[in-house]
Amino acid sequence: MSWTPSRSEIAYVDRGYGWLKAGCQGRTLVTQSLIVPGSTLPGLATEEITMTYRGITYLMGSTAARQSGLSNQADLADDAPVNPESRLLYLAALAYLAGTTGIVSFKVVAGLPVDTWEQQKDALKALLLSIREELVQLRVGEQELQVMVTVEDAMVMPQPLGSALDFLLDRRGSLEHQHEFPVEIGGSRTWPAGTVATWRWCVVDIGFNTLNTYALDNMEPIRRYTTSPRLGMAYAYQLIGKAAGGRGALEVQELMQRGSVRGCGPALAELARQITRVIRSWNSSHFAFYLITGGGAAPLFEHILPGEPAKVLARNAQEANGRGYLKAGMQRWASDGNA
């Protein structure tokens with residue numbers, strides 16, 4: 001086997017209740033947030049990643065869910081982002097981002113829900129930094145890779161801050177540009193990004209099983225409005241699954257991704273109503289705008305905060321946090337020759 005010379009990359013990894021997202025410049029991964037030991041059985045799809053590590057083979061994503069029967073489980077433990085299973089997921093994701101056989105070092109940005117960020121950020125950073133010269137073999141479709149992965153450095157931020165940074169910063173990680181809004185805010189659709197950064201605004205990040213709200217004032221978090229109630233897309237999936245003969249939330253999620261589920265409107269509207277009630281309970285009308293992001297943003301956008309003119313749908317909302325992490329990494333480590 002020939003090894004390519006060692007190189008360094010800035011990357012992000014983000015394990016949510018439903019999806020694992022990872023990315024670097026030019027390569028991204030979005031897959032179900034599951035990894036189990038075993039080999040693919042005949043007749044099951046092999047579009048997901050198979051990883052061999054320390055003599056054990058692991059299945060990831062929807063293949064793991066179908067083969068293990070985990071598709072009916074709608075929940076993960078609160079420590080999911082920092083447990084040993086997540087280390088395997090992060091390792092596989094980073095090897096995938098390498099894209100080729102070789103030796104690759106990473107500087108990694110990761111995220112946590114806002115209510116666990118303070119308690120778990122140090123543990124997650126330590127877990128990432130424990131990935132040192134780890135040799136893994138990946139099979140992605142017909143492609144086989146052998147990659148030695150090291151995490152050189154890591155930082156951890158609250159998940160919705162990723163979407164906030166992605167919204168504000170340009171590709172260079174700079175505020176030196178004019179920001180175009182899709183709706184009129186404060187009498188104009190165009191504002192200097194540096195001015196927007198001084199405003200009081202709120203990120204509403206709708207995940208699989210968590211609603212992350214993150215309010216900012218001059219880019220400082222407002223603790224009163226920074227919360228993570230257990231209220232996410234799994235609630236709607238469970239309603240849809242009951243009406244469809246008892247399907248599990250993860251199974252409904254996968255079927256919706258394929259466009260194989262009909263009649264979802266009432267369940268989505270009910271979830272949006274509950275999310276709106278959480279936000280309205282703050283009795284605050286002092287936000288310049290709401291940025292709606294996360295995997296649930298697109299299907300819920302028309303239902304959430306009805307009558308609110310100053311709401312904005314994040315671009316490619318499911319991946320917005322990750323793009324913001326990457327921009328933060330570029331700001332921090334670009335001087336190291338990574339950008």
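Looking at T101, its side chain does come within 3.5 Å of a backbone N or O of Q146 through a donor-acceptor pair. Between the side chain of K21 and the main chain of N321, no donor-acceptor pair closer than 3.5 Å is present. Not a single donor-acceptor pair under 3.5 Å links the side chain of R323 to the backbone N or O of G23. With W117 contributing its side chain and V156 its backbone, the two residues share a donor-acceptor pair below 3.5 Å.
Note that CE of M60 and CD of Q32 are 11.0 Å apart. Values are rounded to the nearest 0.5 Å. Atom CG of L291 is separated from atom CG of D205 by 9.0 Å, given to the nearest 0.5 angstrom.
Residue I185 comes nearest to A288 through the heavy atom pair CG2-O, 3.8 Å, listed as atom of the first residue, atom of the second, then distance. The two residues A267 and I240 have their closest heavy-atom pair at CB-CG1, 3.6 Å. Heavy-atom minimum distance, L268 versus L300: O-CD2, 3.3 Å. When every heavy atom of S105 is checked against every heavy atom of E152, the shortest pair comes out as CB-OE2, 2.8 Å.
Look at R27 and E9 and you find no salt bridge, because none of the NZ, NE, NH1 or NH2 atoms lies under 4.0 Å from a carboxylate O.
Checking E308 against Y290 by side-chain atom types alone, no donor-acceptor pair falls below 3.5 Å. One side chain, S228 or N212, offers a donor N or O that lies under 3.5 Å from an acceptor on the other. No hydrogens or angles considered: nothing links the side chains of N218 and T198 as a donor-acceptor pair under 3.5 Å. Counting only N and O atoms by type, the side chains of T227 and T213 include a donor and acceptor under 3.5 Å apart.
Ring geometry for F289 versus W199: interplanar angle over 60°, hence perpendicular rather than tilted (30 to 60°).
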Stepwise side chain to side chain contact (heavy atoms under 4.5 Å, CB included) test for Y58 and L89: CA-CA 10 Å; Y58 298 90; L89 281 167; over 6 Å; no
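Centroid-to-centroid, the aromatic rings of Y90 and F106 stay 6.0 Å apart or farther.
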